[in-house]
Amino acid sequence: GAVVSQHPSRVICKSGTSVKIECRSLDFQATTMFWYRQFPKQSLMLMATSNEGSKATYEQGVEKDKFLINHASLTLSTLTVTSAHPEDSSFYICSAKTGKGTGELFFGEGSRLTVL
Amino acid sequence: SQQGEEDPQALSIQEGENATMNCSYKTSINNLQWYRQNSGRGLVHLILIRSNEREKHSGRLRVTLDTSKKSSSLLITASRAADTASYFCATGGSWGKLQFGAGTQVVVTP
């Protein structure tokens, strides 16, 4: 199946700093990617839909100025957690959809963010 | 917000036994999917069942769907230690915007 890569897989940062997480579709073009957040032993919560060449669509309650999403190319979406605080510590997972409209969905391996 | 709930939240079984978990959802769907997540890892797609299907099989997996009750079940037969993982149902269009259930943590002991 198609491969979606996330980097870094783990990151530890100090409170107040910003952290960028990359989501790449390695062997297909993804016009749409999705970012999820997962707390320990909980389900995945959709944060935003990342659209290539346009602004991301955020779910209700997700601060767009806190979680900056950029989808500058058909193979890369980035999530930047700005001025991170300990409560932002979480597991962030992206997924990428092949093709436009209907298409298969593939998930990255996730990125664990720990804010000290 | 999460689409639905899953039960049980946790399930502990021995190798060779069957594991059954259920998922309920709230809105009308076109299809329902099941995913597996190993601890600290991404999601692996297991199976998709369409709204006009009642049952689907894939290897040791059996999924049922009851749209009148807005519920689905996942059965893993002859479980193995490698089946230890969290299992999530998800609904949403083929556009990829999925809503996940709460998940069931399955532990299979040798």
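A, B, ... follow the sequence lines: proteins, then strands. Residue 1 opens every chain.
- In the hydrophobic clustering of ILVMFWY residues, with side-chain heavy atoms under 4.5 Å counting as a link, A:Leu44 and A:Ile69 come out apart.
- To the nearest 0.5 Å, atoms CZ (B:Arg41) and OG (A:Ser9) are separated by 9.5 Å.
- The shortest non-hydrogen separation linking B:Tyr35 to A:Leu105 is OH-CD2, 4.1 Å.
- Here the straight-line distance linking atom OH of A:Tyr36 with atom CD of B:Gln99 works out to 7.0 Å at 0.5 Å rounding.
- Using modelled atom types, no side-chain atom of A:Ser43 and backbone atom of B:Gly103 make a donor-acceptor pair closer than 3.5 Å.
- The CZ atom of B:Phe100 sits 8.0 Å away from the CD1 atom of A:Ile93 when rounded to the nearest 0.5 Å.
- B:Tyr87 and B:Leu75 end up in different hydrophobic clusters when Ile, Leu, Val, Met, Phe, Trp and Tyr side chains are linked at under 4.5 Å.
- Under the 4.5 Å side-chain heavy-atom criterion for grouping Ile, Leu, Val, Met, Phe, Trp and Tyr, B:Ile13 is not connected to B:Val107 through any hydrophobic cluster.
- Of the listed residues A:Arg112, A:Lys41, A:Gln6, the one with more heavy-atom pairs under 4.5 angstrom with chain B than any other is A:Lys41.
- To the nearest 0.5 Å, atoms OG (A:Ser95) and CG (B:Leu98) are separated by 6.5 Å.
- Looking at B:Gln37, the atoms closer than 4.5 Å to chain A (heavy atoms on both sides) all sit in the side chain, from C-beta outward.
- A:Gln38 touches chain B through its side chain: at least one heavy atom from C-beta onward sits under 4.5 Å away, while N, CA, C and O do not.
- Note on A:Trp35 and A:Leu68: separate hydrophobic clusters, where clusters join Ile, Leu, Val, Met, Phe, Trp and Tyr whose side-chain heavy atoms are under 4.5 Å apart, directly or indirectly.
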